[in-house]
There are 2 protein chains.
Amino acid sequence: MEERTLKSPGHCTGTDHDYDVLQWDTRQGCEVRHILDRVADKWSLLTIAHLERHTLRFSELHRNIQGISHRMLTVTLRQLERDGLITRTIHPVIPPRVDYTLTPLGTTLHTTIQTLVNWTEHHQHEITAARTAYDNRQHNQPT
Amino acid sequence: MEERTLKSPGHCTGTDHDYDVLQWDTRQGCEVRHILDRVADKWSLLTIAHLERHTLRFSELHRNIQGISHRMLTVTLRQLERDGLITRTIHPVIPPRVDYTLTPLGTTLHTTIQTLVNWTEHHQHEITAARTAYDNRQHNQPT
DNA sequence: CGGAATCCTCGCTGATACTG
DNA sequence: CAGTATCAGCGAGGATTCCG
């Protein structure tokens with residue numbers, strides 16, 4: 001049973017929406033963690049991006065999101081589908097055809113993500129600079 | 001040399017801020033990926049949250065972010081420091097004392113993250129519902 | 001073509017022990 | 001107290017193969 005793969009590894013019983021990042025060690029805010037994990041996942045993000053305004057079939061996604069393995073595309077699509085972020089439409093034809101679309105929810109997520117992307121775009125140079133500075137500092141005591 | 005741990009596993013030469021999530025397989029937008037990785041990391045996020053408006057020393061963070069190992073706290077702090085998100089201040093006293101603070105950049109990141117957290121908070125029920133629905137659907141053809 | 005199951009690697013992380 | 005280094009265990013993810 002691969003079913004387990006989709007499920008969260010732990011607890012997360014809390015249905016309260018009493019978010020407090022400071023207590024992620026408890027089960028509060030646990031949802032946030034998982035959403036974040038989904039969103040921050042390379043393939044999830046890429047998939048959502050590609051489905052933005054498009055309906056694509058498995059093979060098209062596989063072709064477009066180059067670098068993704070057959071397996072990971074399947075897994076990713078499953079996760080996103082389970083979370084209600086994308087819709088999976090099976091066309092009962094003989095060469096099987098399955099279409100994937102972003103749900104309204106998925107679209108809003110994409111929009112939200114954009115905020116983070118914008119932040120990054122806006123500050124990438126600062127970060128790059130910080131890294132360079134840090135690295136140079138470290139390189140002073142090698143060997 | 002543990003130094004490698006901090007560095008990115010791959011390329012990321014692009015300094016252009018021409019973000020196109022659709023081509024993360026190239027080096028464009030690669031930065032976004034890394035920021036996202038940092039941000040989505042359980043401990044990074046927790047650390048940033050705890051440093052929000054506070055200056056804390058290593059032991060305090062270790063105490064507060066309960067569940068984090070000595071090692072991971074060190075690693076996390078290093079990464080965040082390298083990216084210029086936190087500041088590390090060493091007090092040359094005999095029982096060593098090191099303080100960590102969020103940099104202005106780190107603060108803005110924290111704010112941005114909040115957007116995502118808000119989205120999650122706002123849609124968690126939809127997601128939970130979607131998951132439940134999905135899971136029930138699957139449970140119908142067991143064995 | 002879309003997907004599921006199996007195998008196998010390898011990077012992340014925690015535990016532990018040692019410096020300054 | 002703060003930090004580094006080493007080792008071991010676990011699990012995510014890639015490749016491959018078979019099914020519908």
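Below, read A as the first sequence line, B as the second, and so on, with proteins coming before strands; counting in each chain starts at 1.
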Problem - Between D:dA2 (P) and B:Leu61 (CG): distance, integer Å - result: 9 Å
Practice task
Check the pair A:Gln114, A:Val117 against side-chain contact (heavy atoms from CB on, under 4.5 Å), reporting the backbone distance first and the verdict last.
Solution key: CA-CA 5 Å; A:Gln114 209 49 42; A:Val117 174; 3.8 Å; yes
Exercise for the section: Round to a whole Å and report the spacing from CG of B:Asp41 to P of D:dA12. Expected result: 15 Å
Practice task
Check A:Leu73, A:Leu77, A:Leu56 against A:Tyr100 for a side chain to side chain contact (heavy atoms under 4.5 Å, CB included) and give me the one that passes.
Solution key: A:Leu77
Practice task
Round to the nearest Å and state the distance from B:Glu60 atom CD to D:dC1 atom C1'.
Solution key: 12 Å
Exercise for the section: Over all heavy atoms of both residues, which pair between B:Ile65 and B:Ile68 is shortest? Give the atoms and the distance, please. Expected result: O-CG2, 2.9 Å
Fill in the blank from the handout: Atom CD of A:Gln79 and atom P of C:dG3 are separated, to the nearest Å, by 14 Å
Practice task
Would you kindly give the CD-to-C1' distance between A:Glu81 and C:dA4, to the nearest whole Å?
Solution key: 15 Å
Exercise for the section: Do nucleotides 14-20 of chain D as a string where each nucleotide becomes B, S or -: B if the base has a protein heavy atom under 4.0 Å, S if just the sugar-phosphate does, - if no protein is that close. Expected result: BB----B
Practice task
May I have the step-by-step check of side-chain contact (heavy atoms from CB on, under 4.5 Å) for B:Thr115 and A:Leu116, ending in yes or no?
Solution key: CA-CA 8 Å; B:Thr115 302; A:Leu116 200 50; over 6 Å; no
Exercise for the section: Indicate, with a heavy-atom threshold strictly under 4.0 Å, whether B:Ser59 touches base, sugar-phosphate, or nothing. Expected result: sugar-phosphate
Completion exercise
Per-helix bend value, the helix from C:dC1-D:dG20 to C:dG20-D:dC1, C1' rotation axes over five pairs per end, 10° rounding, shows 30°
Problem - Atom pair distance, as rounded to whole Å: CZ in B:Phe58 and P in C:dT19 - result: 18 Å
Handout entry: Phosphate OP1/OP2 of D:dA2 contacted by B:Arg97 side-chain N/O (<4.0 Å)
Key = no
Practice task
Identify the heavy atoms of B:Ile94 and B:Pro96 that sit nearest to each other, and give their distance.
Solution key: O-CD, 2.7 Å
Practice task
Write down the distance between NE2 (A:His34) and P (D:dA12), rounded to a whole number of angstrom.
Solution key: 12 Å
Practice task
Compare side-chain N and O positions of A:Tyr100 against OP1 and OP2 of C:dC1 and report whether any pair is under 4.0 Å apart.
Solution key: no
Exercise for the section: State, with a plain yes or no, whether a side-chain heavy atom of A:Asp99 is found less than 4.5 Å away from one of A:Arg57. Expected result: yes
Practice task
For residues A:Val39 and A:Leu45, report the shortest heavy-atom separation together with the two atoms involved.
Solution key: O-CD2, 3.1 Å
Exercise for the section: Just call it for A:Arg88: base, sugar-phosphate, or nothing, with non-hydrogen atoms closer than 4.0 Å on any strand. Expected result: sugar-phosphate
Fill in the blank from the handout: Those residues at least two apart in sequence (or on a different chain) that pass side-chain contact (heavy atoms from CB on, under 4.5 Å) with A:His70 are A:Phe58, A:His62, A:Thr74
Handout entry: Residue pair B:Asp37 / A:Ala40: nearest heavy atoms and the distance that separates them
Key = OD1-O, 4.2 Å
Completion exercise
Here the distance between atom P of D:dG13 and atom NZ of A:Lys42, to the nearest Å, is 10 Å
